[in-house]
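In listed order, ligands and their atoms are each counted from 1. Quantities reported herein were computed from a predicted structural model and do not represent experimental measurements.
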Amino acid sequence: MTTTSTASGAPGASDSKASAGTTLEELERRATAHRERPSYGHDALIACDRLVRIFTTDGVEVQALQGLDLLVQKGELMALVGASGSGKSTLMNILAGLDIPTAGAATVAGCDLLAMDGKARLRYRRDVVGFVWQQTARNLLPYLTAVQNVALPMQLRGGKGGRSRDMGKRADELLSMLGIGDFRDRRPDQLSGGQQQRVAIAVALANDPSVLLADEPTGELDSATGEQIFAAFRRANEELGTTIVIVTHDQKVASEVRRTVAIRDGRTSSEVLRRTEIDAEGQESLVAREYAMLDRAGRLQLPAEYTEALEMRHRVALELESDHIGVWPGDDQER
Ligand SMILES: Nc1ncnc2c1ncn2[C@@H]1O[C@H](COP(=O)(O)OP(=O)(O)OP(=O)(O)O)[C@@H](O)[C@H]1O
């Protein structure tokens with residue numbers, strides 16, 4: 001094993017060594033490079049930077065989000081998972097423009113979610129994001145038909161005369177794309193739960209949002225119907241290029257997307273990435289790999305089962321190697 005000792009691998013140590021012979025020009029060059037570094041998430045469609053949301057009820061504070069970092073690129077279809085109470089819905093409500101974070105930064109499609117005034121927030125909710133909720137009844141107006149429900153967001157956005165035919169046409173196209181064109185004239189109570197959710201997806205897509213957010217969209221449905229709903233999201237993602245974030249407990253949904261991010265205690269804790277690999281015989285297989293999250297301050301949460309297996313507690317020794325960092329139990333294990 002070729003290792004660099006912890007002390008010499010530590011950033012402070014190498015900095016002080018370097019600074020002894022560093023010229024003024026070199027320091028100026030480094031300072032300029034640091035200033036000109038692109039900001040965190042500058043190229044992401046959704047960028048949450050150390051997001052904090054504290055709720056205070058009867059004098060008791062709950063930190064629902066505790067410095068959450070999340071980047072989502074344009075065109076992604078990804079899932080968010082996590083135990084009950086981990087902060088998923090809190091994050092979704094913030095991204096939907098329905099709630100405001102206590103601290104941190106969040107931007108979606110260039111909109112600053114902390115700085116928007118009431119008018120900008122309304123425009124954001126109408127034009128930039130679409131959402132689908134778990135409760136099928138919350139997504140649709142009961143007295144409108146499917147096609148009227150889909151046309152409504154377009155009408156609310158407004159348009160000068162002569163546009164209503166275009167709105168009806170787009171509503172029909174969306175319903176057909178999601179496989180429910182034949183039900184255009186039915187009201188929600190004349191549709192199954194799965195059909196209602198597909199109409200809800202069409203409603204959410206009506207104003208061609210940059211991002212579609214869905215909070216447990218298959219939660220009230222059986223697994224076969226859940227699969228149809230997921231297929232509808234995939235269709236929207238592939239055909240319209242809409243970026244989609246789905247909160248789910250549904251293992252099937254979570255395992256079918258390319259990226260699943262887990263939230264724990266109000267932070268992103270780990271991430272599973274899946275990609276298709278082709279072996280020497282030309283056989284395709286899906287390879288999934290789990291990654292831990294490294295936050296912007298360089299903090300890394302080691303899985304409890306790993307640290308417990310090696311009885312790592314207060315201190316660990318780090319060793320920098322050419323292609324990885326080793327983590328060893330420290331010398332204080334008996335304390
Ligand atoms: N409006 C609120 N007032 C007070 N506390 C809240 C509020 N909303 C959420 N919380 C608390 O914040 C924490 C995170 O809640 P959140 O609903 O985001 O979790 P979740 O991961 O979506 O859970 P679930 O999977 O059960 O929906 C919980 O402890 C919850 O009790």
Side-chain angles (χ1 to χ4, degrees), residues 46-72 76-108 113-114 116 118 121 124-125 129-139 193 196-197 200-201 204 211-223 225-227 229-230 233 243-257 259-272 290-293 295 301 303-304:
I46 300 177
C48 298
D49 180 5
R50 293 174 264 200
L51 208 55
V52 174
R53 177 65 170 109
I54 300 172
F55 294 107
T56 310
T57 327
D58 301 330
V60 179
E61 276 194 356
V62 178
Q63 291 203 12
L65 299 181
Q66 306 190 33
L68 177 138
D69 294 328
L70 176 71
L71 299 180
V72 180
E76 266 195 69
L77 165 62
M78 56 96 66
L80 283 177
V81 297
S84 182
S86 56
K88 306 179 300 291
S89 298
T90 303
L91 173 63
M92 291 301 261
N93 283 331
I94 289 172
L95 295 179
L98 299 169
D99 188 22
I100 303 173
T102 311
T107 56
V108 177
L113 301 191
L114 280 87
M116 286 189 297
R121 200 162 281 280
Y124 174 80
R125 293 209 293 257
V129 283
F131 18 89
V132 177
W133 307 104
Q134 173 176 359
Q135 302 85 354
T136 45
R138 187 175 172 188
N139 292 313
Q196 286 181 39
Q197 280 308 63
I201 297 173
V211 179
L212 180 55
L213 304 168
D215 198 350
E216 295 283 0
T218 62
E220 288 188 349
L221 307 170
D222 61 51
S223 63
T225 314
E227 273 180 45
I229 301 306
F230 180 68
F233 281 112
T243 306
I244 303 180
V245 180
I246 306 177
V247 165
T248 187
H249 275 111
D250 188 335
Q251 202 41 53
K252 188 109 181 64
V253 170
S255 64
E256 280 196 27
V257 293
R259 180 175 174 222
T260 304
V261 172
I263 298 191
R264 194 164 83 191
D265 299 333
R267 284 190 194 157
T268 42
S269 62
S270 65
E271 197 167 314
V272 175
E290 184 166 8
Y291 294 86
M293 306 304 291
D295 81 9
Q301 187 170 16

Distance flag for atom 31 (O) of ligand 1, protein heavy atom under 4.0 Å: no
Heavy-atom nearest neighbour in the protein, as seen from atom 23 (O) of ligand 1, with distance rounded to 0.1 Å: G85 N, 2.8 Å
Contact check, side chains of F233 and L212, non-hydrogen atoms, under 4.5 Å: yes
L65 backbone acceptor or donor facing R53 side chain under 3.5 Å: no
Residue, atom name and distance, where the atom is the protein heavy atom closest to atom 25 (O) of ligand 1: K88 NZ, 2.8 Å
Neighbour count >12 (heavy atoms, 6.0 Å) for atom CZ, R121: yes
Ligand 1 contact by A83, heavy-atom criterion under 4.0 angstrom: yes
Under 3.5 Å: N/O of A64 near N/O of ligand 1: no
Residue pair D99, F55: steps toward the side chain to side chain contact (heavy atoms under 4.5 Å, CB included) verdict: CA-CA 11 Å; D99 188 22; F55 294 107; 4.0 Å; yes
Contact check, S86 vs ligand 1, heavy-atom distance below 4.0 Å: yes
Closest to atom 22 (O) of ligand 1 among G82, S84, S89 (heavy-atom distance): S89
E216: which of K88, Q134, H249, Q135 passes side-chain hydrogen bond (donor to acceptor under 3.5 Å, both in side chains): H249
H249 to ligand 1, any heavy atom closer than 4.0 Å: yes
Worked verdict on L113 versus I94 for side chain to side chain contact (heavy atoms under 4.5 Å, CB included): CA-CA 8 Å; L113 301 191; I94 289 172; 4.2 Å; yes
Minimum side-chain heavy-atom gap I244-V211 below 4.5 Å: no
Atom 13 (C) of ligand 1 protein-contacted, heavy-atom criterion under 4.0 angstrom: yes
Chi angles and distances behind the side chain to side chain contact (heavy atoms under 4.5 Å, CB included) call for Q197, V132: CA-CA 8 Å; Q197 280 308 63; V132 177; 3.9 Å; yes
Identity and distance of the protein heavy atom lying nearest atom 15 (O) of ligand 1: T90 OG1, 3.8 Å
Contact partition for V62 relative to ligand 1, non-hydrogen atoms under 4.0 Å: side chain
Within-cut-off N or O pair, F55 and ligand 1, under 3.5 Å: no
